[in-house]
Amino acid sequence: MSKIATPGAVRGTQDIYGEAEERFAQVVTSFDRIRKLYGFKGLILPAIEPTAVFARSLGETTDVVSKEMYSFADRGGDSITLRPEFTAGIARAYITGGWQQYAPMKVAAHGPLFRYERPQKGRYRQFHQIDAEIIGAAKPTADVELLVMADHLLDELGIKDGVTLNLNTLGDAESRDAWHAALLEYFGDHRGALSEDSLRRLETNPLRILDSKDPDDRGICHGAPKIDAFLSHAAQDFFGAVTAGLDAAGVAWQRNAQLVRGLDYYRHTAFEFITDRLGAQGTVLGGGRYDGLIEQLGGKPTPAVGWAAGIERLAMLLNQWDISPLAIAIVAEHPEREQACIKLTARFRKAGFCAEQFVSGSPRKRYDRARKASPAILIALDLRDGAATQSLNRLDGGYARGNEAEALFAAHDFA
RNA sequence: GCGAUCGUAGUUCAAUGGUUAGAGCACCGGCUUGUGAUGCCGGAAGUUGCGGGUUCGAGUCCCGUCGGUCGCCCCA
């Protein structure tokens with residue numbers, strides 16, 4: 001007989017329980033509350049999409065599509081992909097569902113996403129995000145509304161301290177192309193001093209050199225052309241309206257001219273809320289305006305802006321979160337009182353109390369275990385000298401429903 | 001894909017290359033306590049991730065492998 005080998009969890013996945021689950025739930029609950037305040041409708045979408053949804057929106061040749069997606073052929077032979085992001089799926093739903101009729105559309109989603117990456121702090125292969133998008137809104141007020149909501153959420157979660165909003169503009173298509181060309185020329189001139197990684201970026205994605213972590217690269221980037229010199233008047237006005245809106249709403253921000261997006265469909269606003277408390281993974285919430293995406297998926301040209309945030313990262317930053325405290329613990333200190341304990345527990349639960357019964361293990365130790373569960377009220381059922389006894393002890397004087405619970409206890413038939 | 005680092009009881013961690021691999025917490029049982037969150041006694045719990053090697057002797061040193069963690073790349 002060989003020992004049965006238990007299969008392990010898939011690399012980069014997590015079993016979330018206990019404190020981690022409580023933190024996670026706090027993020028989702030707060031997000032759901034806040035997004036309703038801002039009129040964002042909930043959206044529940046498939047976790048799987050045709051591979052083309054992501055391949056077309058992200059670009060067939062990017063690392064993301066070629067190496068980091070969970071793709072497989074289903075039984076019919078179609079190529080299916082586990083969603084690596086929300087935005088592309090939302091754009092697909094917007095087009096195929098004929099949702100132009102609802103534009104401008106404010107939607108919010110959350111759930112699991114999948115990327116085949118090397119796990120590290122705050123990065124998993126199955127991870128979870130909250131996501132908010134405004135589709136069909138061309139005006140900068142939409143960008144502002146999204147950013148105000150993000151700021152509000154971080155405040156609600158109590159993690160605003162140490163998190164700063166980094167803001168940049170990528171300009172419109174003409175601005176961006178001109179800047180791109182200038183960067184190519186500049187970095188080309190400094191080719192000799194660039195790191196190996198950045199030399200490769202020069203070929204594949206020059207904008208990305210701007211957020212290189214290499215110290216030498218950083219020095220070169222310091223003198224690189226800034227987008228501001230290439231912004232059209234329209235693009236300047238757009239960015240000015242965004243910053244003015246943020247100031248009006250009292251949202252603190254800082255300009256970060258090095259902040260870029262990797263993909264071509266991004267326009268105008270780009271932003272990240274960044275912390276120094278999460279090691280190398282400092283971005284807790286990020287997004288931007290992607291006016292080109294829906295067209296790229298075959299829809300009519302549709303302006304859109306959105307953001308997403310990793311639930312795990314937000315959860316790690318929480319300092320406090322709601323737990324559901326135990327209201328009533330009911331102990332059977334004698335085996336013959338166990339049925340009475342079950343009956344009373346059921347009654348309290350149906351009356352809307354969070355109640356727990358202690359009917360297993362050593363009868364003599366049940367009381368101590370019940371106390372360790374930190375209930376507001378502790379009820380003990382015992383059998384002393386053949387006579388049934390029951391007592392109620394209020395351990396938390398501040399518990400709001402104490403009197404109600406005592407009345408229910410007093411009225412209960414213990415027979 | 002690349003690099004660093006760590007894998008010992010359910011868990012957090014000990015154990016100079018040298019007896020039968022230990023302790024706290026958690027768990028189970030007994031005794032105190034009797035409105036008691038305490039205390040005492042006992043029990044169960046291990047292929048030291050896995051596979052090779054060096055050695056009289058390996059949890060410890062070496063090689064490989066798998067896994068965790070952190071970083072690079074990438075980051076939609």
Side-chain angles (χ1 to χ4, degrees), chain A residues 2-3 5-14 17-18 49 53-60 62-69 81-91 113-125 127 129 131 133 195-201 204-205 207-209 211-214 217 259-266 270 272 278-283 286-288 290 293 296 306-308 310 313 329 331 333-334 360-375 377-385 389-396:
Chain A
S2 62
K3 190 180 170 185
T6 305
V10 172
R11 170 170 247 174
T13 63
Q14 321 167 76
Y17 174 74
E49 293 279 354
V53 168
F54 307 110
R56 206 162 298 156
S57 64
L58 301 173
E60 316 268 352
T62 57
D63 270 20
V64 171
V65 169
S66 57
K67 297 197 299 207
E68 294 174 6
M69 295 203 313
T81 294
L82 296 173
R83 63 182 176 197
E85 61 156 0
F86 278 111
T87 309
I90 292 174
L113 304 170
F114 305 84
R115 298 178 191 176
Y116 193 86
E117 297 181 293
R118 197 64 177 265
Q120 52 184 289
K121 188 178 185 68
R123 295 182 75 161
Y124 306 94
R125 287 186 175 177
F127 60 105
Q129 283 188 345
D131 181 280
E133 316 274 350
S195 68
E196 200 175 316
D197 282 332
S198 284
L199 282 176
R200 190 172 37 72
R201 292 184 183 111
T204 59
N205 200 347
L207 293 195
R208 279 280 163 196
I209 298 176
D211 52 20
S212 169
K213 288 168 184 166
D214 185 280
D217 287 352
L259 184 68
V260 295
R261 304 277 86 154
L263 301 173
D264 288 340
Y265 56 69
Y266 280 101
E272 294 183 4
L278 288 178
Q281 310 301 325
T283 301
Y290 52 93
L293 172 60
Q296 210 159 313
W307 56 250
R313 290 188 193 175
V331 186
E333 294 197 84
H334 191 285
S360 65
S362 169
R364 303 194 65 112
K365 294 194 170 169
R366 291 177 193 171
Y367 191 92
D368 286 350
R369 281 203 294 123
R371 280 210 76 130
K372 281 188 182 174
S374 305
I377 291 173
L378 203 166
I379 293 171
L381 310 181
D382 206 352
L383 196 65
R384 301 257 185 97
D385 303 323
T389 63
Q390 45 271 329
S391 64
L392 182 150
N393 193 8
R394 288 175 78 150
L395 301 178
D396 177 5

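A, B, ... follow the sequence lines: proteins, then strands. Residue 1 opens every chain. Model, not experiment: these values are computed from the prediction.
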Taking only N and O in the side chain of A/Ser374, is any of them less than 4.0 Å away from OP1 or OP2 of B/A37? no
Using a 4.0 Å heavy-atom cut-off, does [X] contact any base of the nucleic acid, only the sugar-phosphate backbone, or nothing at all?
| X | value |
| --- | --- |
| A/Gly279 | sugar-phosphate |
| A/Tyr266 | sugar-phosphate |
| A/Arg200 | sugar-phosphate |
| A/Gly8 | nothing |
| A/Arg83 | nothing |
| A/Arg115 | base |
| A/Ala380 | base |
| A/Ser391 | base |

Indicate yes or no: at least one non-hydrogen side-chain atom of [X] is less than 4.5 angstrom from one of [Y].
| X | Y | value |
| --- | --- | --- |
| A/Arg115 | A/Glu85 | yes |
| A/Glu117 | A/Lys67 | no |
| A/Val53 | A/Thr81 | no |

For atom [atom1] of [X] and atom [atom2] of [N], their distance in whole Å:
| X | N | atom1 | atom2 | answer |
| --- | --- | --- | --- | --- |
| A/Gln120 | B/C73 | CD | P | 10 Å |
| A/Tyr124 | B/G71 | OH | P | 11 Å |
| A/Arg208 | B/C73 | CZ | P | 11 Å |
| A/Asp211 | B/C72 | CG | P | 12 Å |
| A/Arg364 | B/C28 | CZ | P | 16 Å |
| A/Gln281 | B/C75 | CD | P | 13 Å |
| A/Asp197 | B/G71 | CG | P | 17 Å |
| A/Ile379 | B/U35 | CD1 | P | 17 Å |

What's the gap between [N] and [M] when it is taken at their [atom1] atoms, as a whole Å value?
| N | M | atom1 | result |
| --- | --- | --- | --- |
| B/A9 | B/C27 | C1' | 12 Å |
| B/A4 | B/A45 | C1' | 34 Å |
| B/G17 | B/A58 | P | 14 Å |
| B/C28 | B/G22 | P | 24 Å |
| B/G51 | B/U8 | P | 16 Å |
| B/C40 | B/A15 | C1' | 28 Å |
| B/G64 | B/G71 | C1' | 24 Å |
| B/U38 | B/U33 | P | 15 Å |

Under 3.5 Å, N/O pairs linking protein and nucleotides 41-46 of chain B:
none

Among the nucleotides [options], which one has an atom lying closest to any side-chain atom of [X]?
| X | options | answer |
| --- | --- | --- |
| A/Lys372 | B/C74, B/A26, B/A76 | B/A26 |
| A/Lys121 | B/C70, B/C74, B/U33 | B/C70 |
| A/Ala280 | B/C72, B/C74, B/A76 | B/C72 |

Report the distance from atom [atom1] of [X] to atom [atom2] of [Y], rounding to the nearest 0.5 Å.
| X | Y | atom1 | atom2 | value |
| --- | --- | --- | --- | --- |
| A/Arg125 | A/Gln14 | CZ | CD | 13.0 Å |
| A/Tyr266 | A/Leu207 | OH | CG | 13.0 Å |
| A/Thr389 | A/Asp382 | OG1 | CG | 4.5 Å |

Residues passing the side-chain hydrogen bond (donor to acceptor under 3.5 Å, both in side chains) test with A/Glu272, sequence neighbours excluded, are A/Arg261, A/Thr283
Residues forming a side-chain hydrogen bond (donor to acceptor under 3.5 Å, both in side chains) with A/Gln390, sequence neighbours excluded: A/Arg337
Please confirm whether any donor atom in the side chain of A/Arg371 sits under 3.5 Å from an acceptor in the base of B/U35, or the reverse. no
Let me have RNA chain B in dot-bracket notation, would you? Count Watson-Crick plus G-U wobble pairs, both distances under 3.5 Å, and use [ ] for pairs crossing earlier ones and | for inter-strand partners. (((((((..((((....[...)))).(((((.......))))).....(((((..]....))))))))))))....
Of the non-hydrogen atoms in [X] and [Y], which two are nearest, and what is the gap between them?
| X | Y | answer |
| --- | --- | --- |
| A/Ala280 | A/Lys213 | O-NZ, 4.2 Å |
| A/Ala270 | A/Leu259 | O-CD2, 3.6 Å |
| A/Gln129 | A/Phe86 | O-CE1, 3.5 Å |
| A/Asp131 | A/Ala308 | OD2-CB, 3.6 Å |

Which pairs, protein N/O on one side and nucleotides 4-12 of chain B N/O on the other, fall under 3.5 Å?
none

Considering residues at least two apart in sequence or located in another chain, which fulfil the salt bridge (charged side-chain N to carboxylate O under 4.0 Å, His left out) criterion with A/Asp368? none
With no hydrogens and no angle check, do the side chains of A/Glu133 and A/Tyr290 hold a donor and an acceptor under 3.5 Å apart? yes
Contacts of A/Asn393 and A/Phe114 projected onto RNA chain B by closest heavy atom; the upstream (5') one is A/Asn393
With nearest nucleotides of RNA chain B determined for A/Asn205 and A/Arg369 from heavy-atom distances, which residue corresponds to the more 5′ nucleotide? A/Arg369
